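Down below is the structure, laid out as structure tokens.
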Amino acid sequence: MIRLAALLATLLSAAPVQAEGPNLSANPGGDTGTAQRLVLAQRSWQQALTTGEALTMLVAIRLARSVTLRPAPAWARTTSGAPLPEAPTGRTAAPDPASAAALAIVRNLVADDPDLQDLAYDLDAQLPRNHTETATEAKAELGPGQTDSWRLPLFGEVAAELALIGDGDTALSLTVQDEAGHTVCATPLSHDPALCRVTPARNGFFTATIHNPGDMVNSYRLIGN
């Protein structure tokens, strides 16, 4: 994996950089990717938690489990801003819908519904998953007032997605810039999952910036397709 990351860095650093205009394709395209699928699963899960809709929870779990996550060795993280001493960590974060904890919640809800019980146990029996699509994931914690910057390679004329899924305890923002500093995507502060879709015109390094202006530590996941 380390050799692959080094090769990617060499190839991308050798790519010509245009002086004018953002690194965006004139013909962006691409189907819905795995990062967007995980955002939909997380949003559906969070909504279902507030309403107690067990069937929606099961759909969210199935959607989340259709993607296999792998680490992101080619992504480099830097953090700015002084951490607050003994910054509080929230306790209200909803679990990842692909997790065993999420399935346990649903099982408790469907204890009196045999049909939904069968669906829940069928989901559990599908693990391990052998034929799922993949996404790249980085996990980190971000203190109050801090900003994370992730430098990551993207390829020309290949549609890319970046999803930000926080723990919900504070609002986060996501901004993506190209190698020249042009902003190619920005999402407002929100407690909900965020998504950026970018199709570069050429190979290059992009920077995904995540800011936590809240008063608590936020544990988040950054996911790329």
Side-chain angles (χ1 to χ4, degrees), residues 5 8-40 42-43 71-83 135-225:
L8 284 172
T10 301
L11 291 173
L12 292 174
S13 62
V17 178
Q18 299 178 4
E20 297 181 359
N23 184 359
L24 287 175
S25 172
N27 301 295
D31 298 327
T32 298
T34 50
Q36 185 170 351
R37 191 186 310 171
L38 292 176
V39 166
L40 177 59
Q42 188 72 33
R43 288 175 176 170
W75 295 5
R77 175 195 181 201
T78 57
T79 303
S80 60
T136 301
E137 178 190 51
K139 296 181 179 180
E141 288 189 347
L142 194 58
Q146 289 189 307
T147 300
D148 271 352
S149 296
W150 292 88
R151 188 171 184 259
L152 46 92
L154 297 180
F155 292 97
E157 301 302 337
V158 177
E161 295 176 347
L162 282 175
L164 172 63
I165 300 177
D167 62 18
D169 289 316
T170 64
L172 299 176
S173 64
L174 172 64
T175 303
V176 180
Q177 294 180 313
D178 66 10
E179 64 273 22
H182 297 292
T183 298
V184 296
C185 180
T187 67
L189 281 169
S190 177
H191 291 81
D192 297 324
L195 179 73
C196 276
R197 290 176 56 89
V198 177
T199 303
R202 58 191 178 275
N203 296 350
F205 282 98
F206 286 69
T207 300
T209 302
I210 301 163
H211 180 55
N212 175 16
D215 57 1
M216 304 177 74
V217 176
N218 195 304
S219 300
Y220 69 86
R221 298 187 290 151
L222 185 64
I223 299 170
N225 66 334

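Numbers here are sequence positions counted from 1. Computed from a predicted model, the values in this text were never measured in an experiment.
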Minimum heavy-atom distance Gly166-Tyr220, with the two atoms named: CA-CB, 3.9 Å

Close side-chain approach of Glu179 and Asn23, heavy atoms under 4.5 Å: yes

Asp148: which of Thr78, Thr209, Thr79 passes side-chain hydrogen bond (donor to acceptor under 3.5 Å, both in side chains): Thr79

Exam field: side chain Gln177 to backbone Thr207, donor-acceptor pair closer than 3.5 Å: no

More than 12 heavy atoms of other groups within 6.0 Å of Arg151 CZ: no

Side chain to side chain contact (heavy atoms under 4.5 Å, CB included) partner of Leu172, chosen from Leu164, Asp167, Thr187, Ile165: Leu164

Donor-acceptor pair, side chain of Asp169 and main chain of Asn218, under 3.5 angstrom: no

Heavy-atom check, side chain of Trp75 versus side chain of Leu222, under 4.5 Å: yes

Closest non-hydrogen atom pair, Asn27 against Glu157: O-OE1, 4.4 Å

Residue pairs, two or more places apart or on separate chains, that pass salt bridge (charged side-chain N to carboxylate O under 4.0 Å, His left out) and touch residues 214-225: Asp96-Arg221, Glu137-Arg221

Flag side-chain contact, heavy atom, 4.5 Å: Val217 against Pro144: yes

Leu152 to Ala208 - nearest heavy-atom pair and separation: CD2-CB, 4.3 Å

Flag side-chain contact, heavy atom, 4.5 Å: Leu40 against Thr32: no

Those residues that, when tested against Arg37, pass side chain to side chain contact (heavy atoms under 4.5 Å, CB included) (two or more places apart): Thr34, Leu63, Ser66, Val67, Glu133

Non-hydrogen atoms of Leu24 and Ala201 that approach each other most closely: O-CB, 3.5 Å

Which atom of Ala135 lies closest to which atom of Leu38, heavy atoms considered: CB-CD1, 4.4 Å

Glu161 side chain vs Gln36 backbone, donor-acceptor pair below 3.5 Å: yes

Heavy-atom pair of closest approach, residues Pro200 and Val158: CD-O, 3.5 Å

Point-to-point distance, once rounded to the nearest 0.5 Å, from CD1 of Ile223 to CD of Gln42: 8.0 Å

Short side-chain to backbone donor-acceptor contact, Asn212 and Leu142, under 3.5 Å: yes

Atom pair CD/CD of Gln146 and Glu141 - distance to nearest 0.5 Å: 10.5 Å

Student check: side-chain heavy atoms of Thr175 and Thr183 closer than 4.5 Å: yes

